[in-house]
Amino acid sequence: MYRISELPDTLLLRVLSLLPTAKDVVATMVLSKRWEFLWLSVPRLVFDDQDIEYVKTCAAQDIIVWMRAANNFAVREMIIEIDSSSCASPIIVPTVLYTECTMLVTLKLNKVILADLSSPMFFPSLKTLGLLSVKYPNEEFVSSLLS
């Protein structure tokens, strides 16, 4: 572990961003003091509700915290997949996604419900948008999202 810890942060962050899930990335924090907070700067985290058990019972408030953290750490790729089929009520992706995640270059949404938003969406850096099994409020919402 000692030799790998001597590598520059940029290389270590690149390696961490290639790990398949956020759970794997966060697990590296126990490797040494050098790695304890390194994961916070990873530019790509994949949150998968099948890998992170507490997500199955999370609320919209938890998703807001993730999105604000993603914005604070300038995350450039976000993949959100929520299987709410076993939940009592569907989980709606909060409007903070459209208003605060300004550094996103890639956004992939799968099996989510998008909240209505009266103000315009703001994705100045977005280059790739993936939508699969997404429920949205109305056609005007889609026009605003794609413009």
Side-chain angles (χ1 to χ4, degrees), residues 5 7-31 33-87 89-147:
S5 291
L7 294 171
D9 281 358
T10 53
L11 183 57
L12 293 175
L13 291 172
R14 175 72 176 132
V15 170
L16 289 176
S17 72
L18 297 172
L19 292 175
T21 67
K23 181 180 177 182
D24 297 326
V25 174
V26 174
T28 63
M29 71 184 292
V30 300
L31 297 176
K33 287 280 187 198
R34 164 94 159 79
W35 291 73
E36 188 174 4
F37 298 104
L38 190 63
W39 72 273
L40 292 170
S41 298
V42 172
R44 179 182 183 269
L45 288 176
V46 178
F47 291 96
D48 185 340
D49 68 346
Q50 294 183 3
D51 291 325
I52 304 174
E53 287 302 315
Y54 71 87
V55 174
K56 292 186 185 303
T57 60
C58 78
Q61 189 62 32
D62 297 321
I63 297 170
I64 291 171
V65 170
W66 296 341
M67 290 182 188
R68 288 203 172 127
N71 193 50
N72 289 341
F73 292 106
V75 170
R76 299 182 55 81
E77 179 175 356
M78 184 180 295
I79 300 169
I80 302 173
E81 180 173 351
I82 301 173
D83 182 4
S84 59
S85 60
S86 61
C87 298
S89 61
I91 297 172
I92 298 172
V93 176
T95 57
V96 68
L97 170 67
Y98 326 128
T99 58
E100 293 186 26
C101 294
T102 58
M103 295 300 293
L104 288 177
V105 174
T106 302
L107 175 61
K108 296 178 184 177
L109 301 173
N110 189 8
K111 299 178 186 171
V112 299
I113 300 171
L114 300 176
D116 199 359
L117 182 65
S118 56
S119 59
M121 294 175 215
F122 189 59
F123 293 109
S125 304
L126 195 65
K127 302 282 186 233
T128 305
L129 175 64
L131 303 172
L132 183 64
S133 299
V134 173
K135 292 183 182 177
Y136 49 88
N138 53 49
E139 293 299 324
E140 292 81 27
F141 180 89
V142 176
S143 295
S144 177
L145 179 64
L146 299 177
S147 64

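Starting from 1, each residue takes its place in the sequence as its number. Atoms considered below: every heavy atom in the structure, side chains included; atoms not considered: hydrogens, waters and symmetry mates.
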How long is the span from the [atom1] atom in [X] to the [atom2] atom in [Y], to the nearest 0.5 Å?
X      : Y      : atom1 : atom2 : answer
Leu104 : Leu129 : CG    : CG    : 10.0 Å
Leu11  : Asp9   : CG    : CG    : 10.0 Å
Leu31  : Leu12  : CG    : CG    : 10.5 Å
Lys108 : Leu132 : NZ    : CG    : 11.0 Å
Leu7   : Arg34  : CG    : CZ    : 8.0 Å
Leu126 : Thr106 : CG    : OG1   : 7.0 Å

Legend entry - Minimum-distance pair of heavy atoms, taken over all atoms of Leu16 and Val25: O-CG2, 3.3 Å
Inset, instruction - Quick one: closest heavy-atom pair of Ala115 and Pro137, and the distance? - result: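 Scanning both residues completely, I find the closest heavy atoms to be C-CG, 4.1 Å.
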Legend entry - Note, Leu13 side chain near Leu38 side chain (heavy atom, < 4.5 Å):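 A side-chain contact under 4.5 Å exists here.
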Inset, instruction - State, with a plain yes or no, whether a side-chain heavy atom of Thr28 is found less than 4.5 Å away from one of Leu19. - result: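 Yes, their side chains come closer than 4.5 Å.
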Inset, instruction - With sequence neighbours left out, write down each residue that passes ring-ring contact (aromatic ring centres under 6.0 Å, His included) with Phe141, or none if nothing qualifies. - result: Tyr98
